[in-house]
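Here is the structure we will look at.
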Amino acid sequence: MPLTQSPATRIPRSGIRTLMELALRDPQAIHLEIGEPDAVTAPHIVEAAHAAAEAGRTGYTSSTGLPALRAAFAERVTRTRGRPTRPDEIVVTTGAMHGLAMAMAALLAPGDEILVPDPEFPNWRMQAVAVGAVARTYAAHAEHGFVPRPEDVEAAITDRTRAILLCSPNNPTGAVYPASTVEAIHDIARRHDLWLFSDECYEAITFDVPHVSPAALDTDGRVLTFLSLSKSYAMTGWRLGCVVVPDPRVVEVMSQIAEASVACPSALSQHAGLAALTGPQDCVCEAVESYRERRDAAVELLTARGIDCVRPDGAFYLMVDVSRVTDDSHAFALELLAERHVAVAPGSTFGEAARSMVRVSLAAERSALLEGLGRLADHVDAALAQREVVALPRT
């Protein structure tokens, strides 16, 4: 049968997954390429799912989620953003990526543009392509700590732009946008009458700086906030998140998309999620402190070895500069895996701004993280030494 002309056939491949799949074939590999907590899900969360299964609460739920879970998410948003939020503004999703995909399907027509930061998380572009939309970038330079300048965001707007996406704390850079930046980007969206997508999957993971959400500024329903339990609660495989959607028209469209695509999120995952949101938060606090300590140790090691990196203020990623030896981060990542058994994500998969960097996940076990970074530094040193040998004059 001939292939269709569906936009889905043009979805680009993620370089993160490419490296991960190669690394999975190497039993010696140190995995620093994937953003997944090394901790297990807290016992009280697992027990809630087990109790729900034992009680037979394993059937379909509303496409928008269990009422109690929607209420718990709404309470969290009200408490942490200072914006009163009702349960009927919450759409529970099969992970934040599902929420982003549904929002793009609901609000972007073929040919419409959405602005995303460069460096970008590749799945944003993948989702835009899947609905026939176009992902364009605005700059977020390393010299500014990967925090975008509002004038660069506004300069990227065209007559086809329908939405701006911001992500703070940021994947892949770990940048946490200050209040002034968030306020300025929200003002740009308001003046140009654009939707503002706020990817806040790492909201709970910041180091000595506050997380600022544009939801707190939203007075006209243009901000959609995307939340996930994956990173904060070590629940990546449970696939659970939500979208805060102030506009009831958009809630209705997204509920129809959910019904057509997944029917509803897993009932057991929803019961686990309710326990995560309403139960003890010690697991989150302990994880954040662990990531902070790993960040500090990683930056100290790289600095001592003469390798530049941009110190992150949140999330659990570190962008490492390998431009001294190459501007082809994909080739560097392949060589590092083949020769040193260390898997990192090539910066080129995140866009032009990171083409000579690699992303390292700080969520790896501490000793493995430092061993892997040490091997990365050894690889850089070897490449520099080889370059010096080649440059030596012949006699």
Side-chain angles (χ1 to χ4, degrees), residues 13-24 29-41 93-101 116-117 119-127 140 146 165-176 199-207 211 226-241 283-284 287-288 290-295 298-299 309-320 329 333 336-337 342-351 354 357-366 368-370 372-373 376:
R13 184 83 166 116
S14 168
I16 306 171
R17 286 280 173 172
T18 300
L19 259 294
M20 184 186 77
E21 289 172 3
L22 287 173
L24 288 173
I30 296 175
H31 292 275
L32 307 181
E33 81 282 15
I34 198 74
E36 183 167 44
D38 64 324
V40 297
T41 308
T93 59
T94 306
M97 299 311 307
H98 177 225
L100 281 156
V116 302
E120 64 184 81
F121 181 49
N123 292 45
W124 298 329
R125 182 174 298 272
M126 295 164 72
Q127 292 165 341
F146 291 116
L165 185 146
L166 63 82
C167 178
S168 174
N170 185 269
N171 179 10
T173 68
V176 179
D199 183 340
E200 301 180 17
C201 290
Y202 298 88
E203 55 161 341
I205 307 173
T206 63
F207 313 124
H211 165 248
F226 301 85
L227 303 176
S228 170
L229 302 188
S230 292
K231 313 300 183 177
S232 301
Y233 295 96
M235 293 179 67
T236 51
W238 296 82
R239 308 311 306 132
L240 194 67
C283 58
V284 179
V288 172
S290 174
Y291 300 144
R292 182 204 305 270
E293 194 278 333
R294 293 181 222 184
R295 177 204 61 176
V299 171
C309 60
V310 179
R311 183 185 181 90
D313 286 325
F316 44 56
Y317 301 109
L318 181 66
M319 297 300 287
V320 180
S329 56
L336 186 65
L337 178 60
V342 178
V344 295
S348 56
T349 199
F350 305 111
M357 295 181 163
V358 295
R359 188 195 74 174
V360 168
S361 172
L362 301 173
E365 190 271 328
R366 185 183 188 279
L369 169 66
L370 297 182
L373 290 177
L376 184 153

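Count residues from 1 along the sequence.
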Provide the closest heavy-atom pair for Pro172 versus Met319 in the form atom of the first, atom of the second, distance. O-SD, 3.5 Å
For Tyr317, does its backbone N or O pair with a side-chain atom of Arg359 as donor and acceptor, under 3.5 Å? no
Under the side-chain contact (heavy atoms from CB on, under 4.5 Å) criterion, do Val320 and Met357 qualify, and how do the steps go? CA-CA 5 Å; Val320 180; Met357 295 181 163; over 6 Å; no
Minimum side-chain heavy-atom gap Asp38-Arg294 below 4.5 Å: yes
Check whether any side-chain heavy atom of Leu22 sits under 4.5 Å from a side-chain heavy atom of Leu24, and report yes or no. no
Check: Pro346 main-chain N/O paired with Ser329 side-chain donor or acceptor under 3.5 Å: no
Closest non-hydrogen atom pair, Ser232 against Ala204: OG-CB, 3.5 Å
Could you give the distance from OH (Tyr202) to SG (Cys167), rounded to the nearest 0.5 Å? 7.5 Å
Would a distance-only check, ignoring hydrogens and angles, find a side-chain to backbone donor-acceptor pair under 3.5 Å from Ser14 to Pro122? no
Which atoms form the tightest heavy-atom contact between Ala315 and Pro169, and what is the distance? N-CB, 3.7 Å
Say whether, by atom type as modelled, one donor and one acceptor occur between the side chain of Arg295 and the main chain of Phe316 under 3.5 angstrom. no
Measure the spacing between NE2 of His211 and CD of Glu203 and express it to the nearest 0.5 Å. 6.0 Å
Give the intermediate values and the outcome of salt bridge (Lys or Arg N to Asp or Glu O under 4.0 Å) for residues Arg17 and Glu33. CA-CA 9 Å; Arg17 286 280 173 172; Glu33 81 282 15; over 6 Å; no
Has Arg292 got its NZ or CZ under 6.0 Å from the middle of the six-membered ring of Phe207, at an angle within 45 degrees of the ring axis? no
What's the spacing between Leu240 CG and Thr93 OG1 if we round to 0.5 Å? 6.5 Å
For the student: nearest non-hydrogen atoms of Trp124 and Asn171, plus distance: CH2-O, 3.8 Å
Rounded to the nearest 0.5 angstrom, the CG-CE distance for Leu100 and Met126 is 12.5 Å
Trp238 and Ser230: CA distance, side-chain angles, deciding distance, side-chain hydrogen bond (donor to acceptor under 3.5 Å, both in side chains) verdict: CA-CA 7 Å; Trp238 296 82; Ser230 292; over 6 Å; no
Enter the distance from Leu336:CG to Leu376:CG here, rounded to the nearest 0.5 Å. 5.0 Å
To the nearest 0.5 Å, what is the distance between CD on Gln127 and CG on Leu165? 9.0 Å
Lys/Arg N to Asp/Glu carboxylate O, Glu293 vs Arg366, below 4.0 Å: yes
So, the side chain of Asn170 versus the backbone of Thr173: is there a donor-acceptor pair under 3.5 Å, distance only? yes
Test item: Thr349 side-chain N/O and Gly15 main-chain N/O as donor-acceptor pair under 3.5 Å: yes
How close do Ala345 and Ile16 get, counting heavy atoms only, and between which atoms? CB-CG1, 4.3 Å
For Ala29 versus Leu337, what's the shortest heavy-atom pair and its separation? CB-CD1, 4.2 Å
Criterion side-chain contact (heavy atoms from CB on, under 4.5 Å) on Asp199 and Leu166, from CA distance to verdict: CA-CA 6 Å; Asp199 183 340; Leu166 63 82; over 6 Å; no
Are side-chain heavy atoms of Val299 and Leu318 found at a separation under 4.5 Å? yes
Short side-chain to backbone donor-acceptor contact, Ser361 and Ile34, under 3.5 Å: yes
Tyr233 side chain near Thr41 side chain, heavy-atom distance below 4.5 Å: no
Do the side chains of Lys231 and Glu200 get close enough for a salt bridge, i.e. N-O under 4.0 angstrom? no
Run the side-chain contact (heavy atoms from CB on, under 4.5 Å) test on Leu369 and Leu32 for me, step by step, so that the C-alpha distance in whole Å, both residues' side-chain angles and the decisive distance to 0.1 Å come before the verdict. CA-CA 7 Å; Leu369 169 66; Leu32 307 181; 4.1 Å; yes
